[in-house]
*Asks:* 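My questions all concern the structure below.
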Amino acid sequence: MRMYDVIEKKRNGQTLTEDEIKFLVEGYTNGAIPDYQMSALFMAIYFQGMTIEESAILTMAMVQSGDTVDLSKIQGIKVDKHSTGGVGDTTTLILAPLVASVGVHVAKMSGRGLGHTGGTIDKLESIAGFHIEITNNEFVELVNDHHLAVIGQSEHLVPADKKMYSLRDVTATVNSIPLIASSIMSKKIASGADAIVLDVKTGTGAFMKNEEEAKLLARTMVDIGRSVGKETLAVISNMDQPLGRAVGNALEVNEAIDTLKGQGPKDLTELSLVLGSQMVVLANKAETMEEARKMLEENLHNGKAITTFKTFIQSQGGDANIVDNPSLLPRALFQIDVHSETSGYVTQLIADRIGKAALMLGAGRKTKESTIDLSVGILLHKKLGDQVQKGDKLFTLHTNTKDNSDVTTHLLGSIKLGNEQIEKELIIDTLE
């Protein structure tokens, strides 16, 4: 078999066989296939696409390129959740303890962030003493004992994806639905999940700016999951504005605590309940979404969700006192309010500009080697549709530098006021 023939076949819009797909993944991972040939194939896929069967074969070939996680010693159905990313997306910090509080076993593998804020692990490390350096046996024991544990992703998980993504990133082929879907699903499947819930974002703060493309990506991932024997559900959610009101690591942990006490922002709470209900149903802890949602709502208000979060923190060495005393979280030296110069209704709140402003403060990583400042970030006082009077607070910067004029200018460019009140649906669609 020659890579030249595989490239030509896909260039001409033909369907690749299982043997051809395995050949290209294995060959590229072990170095037998050079970058220039793989680049040509990616461009052919970009323009010609792939069938669901091709995408599923590609996904499993990528899974088989490295280690897979065996979660069979953990009781019950293991349900994983993936978000395509956004600004202020704190749902994992809420979902994991919330669904664990109703008896779902959550074995979560998470990573660090590259972008405007840290990943789930970075946020959790805002909590003094919290650590993810636990053995696989400890991981399994913690999930069986407390229904929840978080561990870092193995470097040996899906090596084909790491190598392929790096090449896609420099060949303008990142935005290919089959390649995105296979990349995401390969990591979820290799992580040992029995079932998967997907939160596909669309809007100014999302990777998928276009709603139709977000739906196509969600549909492709659901179909891949089903075709390889994983029950998979998806939600398409709006990311035209940040989720919740906090953008920044310690600030988002604080907001997660509020939400787990039933006092969180409306949109963050709603999305957590929608995604959580799907996880509970897939774990066979409820028969319907309505029943699952009722269980979750009860635990947000009866203390079980926040108690589960406390236990989780303690079990991984963290200081659970932050739940009752959030001032123990890292705190920036300065809190600077940004006020409105006009009146009106918020008609635009560009999420990715707000994310960039948080990155400028030091809340995220520009490169993998960058150091995150866990204490800094932005609090939003107004969201889409809110009324604003001249002089009202729009944002509060949590910063460790006195001069933040560039950040303030950038933030003011993210918000627009108008005369008409607008509304945007948070949940755009759900797919089964």
Side-chain angles (χ1 to χ4, degrees), residues 86-98 100-101 108 110-113 115-133 146 148-150 152 242-265 268-269 272 300 303 305-337 354-355 357-365 370-381 393 395-402 404 407:
V87 183
D89 187 5
T90 317
T91 49
T92 295
L93 295 180
I94 298 158
L95 276 174
L98 179 57
S101 74
K108 187 68 181 163
S110 293
R112 300 189 184 280
H116 45 80
T117 62
T120 297
I121 287 176
D122 298 301
K123 293 169 187 176
L124 286 170
E125 287 181 346
S126 299
I127 303 167
F130 188 93
H131 62 88
I132 58 159
E133 295 80 11
H146 305 300
L148 171 61
V150 174
L243 188 62
R245 296 186 179 274
V247 183
N249 300 281
L251 295 177
E252 290 182 42
V253 173
N254 195 352
E255 187 166 72
I257 291 168
D258 288 342
T259 306
L260 287 165
K261 292 178 178 178
Q263 301 163 6
L268 182 57
T269 300
S272 298
L300 281 180
I306 195 64
T307 298
T308 302
F309 186 58
K310 274 186 177 181
T311 302
F312 159 59
I313 293 170
Q314 289 172 330
S315 71
Q316 294 197 220
D319 181 5
N321 289 317
I322 58 110
V323 170
D324 299 312
N325 187 6
S327 65
L328 294 172
L329 289 165
R331 184 174 174 84
L333 293 174
F334 307 105
Q335 286 78 50
I336 300 171
D337 294 329
I354 295 169
L359 179 62
M360 292 164 70
L361 290 172
R365 292 184 178 90
S370 299
T371 300
I372 285 181
D373 186 338
L374 297 170
S375 68
V376 303
I378 299 163
L379 287 180
L380 285 68
H381 299 289
K393 283 193 293 187
F395 309 100
T396 297
L397 308 184
H398 287 244
T399 175
N400 286 315
T401 57
K402 288 184 178 180
N404 297 276
V407 179

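Index from 1, following the sequence. Model, not experiment: these values are computed from the prediction.
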*Asks:* When rounded to the nearest 0.5 angstrom, what distance separates CG in L328 from CD1 in I322?
*Replies:*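 If we round to the nearest 0.5 Å, L328:CG and I322:CD1 are 8.0 Å apart.
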
*Asks:* Rounded to the nearest 0.5 Å, what separates atom CG in N254 from atom NE2 in H398?
*Replies:*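 Reported to 0.5 Å precision, the distance equals 9.0 Å.
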
*Asks:* For residues I336 and T396, determine if any side-chain heavy atom of one lies less than 4.5 Å from a side-chain heavy atom of the other.
*Replies:*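 Not touching, per the 4.5 Å side-chain cut-off.
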
*Asks:* Check for a donor-acceptor pair, side chain of Q316 on one end and backbone N or O of A149 on the other, with a separation under 3.5 Å.
*Replies:* no

*Asks:* Hey, what do you get for OG (S375) to CG (L333), rounding to the nearest 0.5 Å?
*Replies:* 7.0 Å

*Asks:* May I have the step-by-step check of side chain to side chain contact (heavy atoms under 4.5 Å, CB included) for L124 and F312, ending in yes or no?
*Replies:* CA-CA 11 Å; L124 286 170; F312 159 59; 3.9 Å; yes

*Asks:* Only one of L98, L148, V323 passes side-chain contact (heavy atoms from CB on, under 4.5 Å) with F309; say which it is.
*Replies:* V323

*Asks:* Has E252 got a side-chain atom pairing as donor or acceptor with V247's backbone, closer than 3.5 angstrom?
*Replies:*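 No; judged by distance alone, with no hydrogens or angles, the pair does not exist.
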
*Asks:* Between the main-chain N or O of A332 and the side-chain N or O of Q335, is there a donor-acceptor pair closer than 3.5 Å?
*Replies:* yes

*Asks:* Measure the CZ-OG distance between R331 and S126 for me, rounded to the nearest 0.5 Å.
*Replies:* 14.0 Å

*Asks:* Taking only residues at least two apart or on different chains, which pairs with a member in residues 306-324 satisfy salt bridge (charged side-chain N to carboxylate O under 4.0 Å, His left out)?
*Replies:* K310-D324

*Asks:* Are T92 and T90 close enough that some pair of their side-chain heavy atoms sits under 4.5 Å apart?
*Replies:*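 Contact flag for T92/T90 side chains = no.
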
*Asks:* Is there a side-chain contact between F395 and L380 in this structure, where contact means two heavy atoms from C-beta onward sitting under 4.5 Å apart?
*Replies:*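 Yes, at least one pair of side-chain atoms sits under 4.5 Å.
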
*Asks:* Step by step, work out the side chain to side chain contact (heavy atoms under 4.5 Å, CB included) result for T269 and L300.
*Replies:* CA-CA 10 Å; T269 300; L300 281 180; 4.1 Å; yes

*Asks:* With distance as the sole test, does N249 use its side chain to make a donor-acceptor pair with the main-chain N or O of A363 at under 3.5 Å?
*Replies:* yes

*Asks:* Answer whether the closest heavy-atom distance between the side chains of N404 and L361 falls below 4.5 Å.
*Replies:*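 Yes. Closest side-chain heavy atoms under 4.5 Å.
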
*Asks:* Kindly write out the residues that satisfy salt bridge (Lys or Arg N to Asp or Glu O under 4.0 Å) with D258, not counting sequence neighbours, or none if the list is empty.
*Replies:* none

*Asks:* Keeping R365 on the side-chain end and T371 on the backbone end, is there a donor-acceptor pair under 3.5 Å?
*Replies:*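 It does not hold such a pair.
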
*Asks:* Going from NE2 on H146 to OG1 on T311, what distance comes out if it is rounded to the nearest 0.5 angstrom?
*Replies:* 7.0 Å

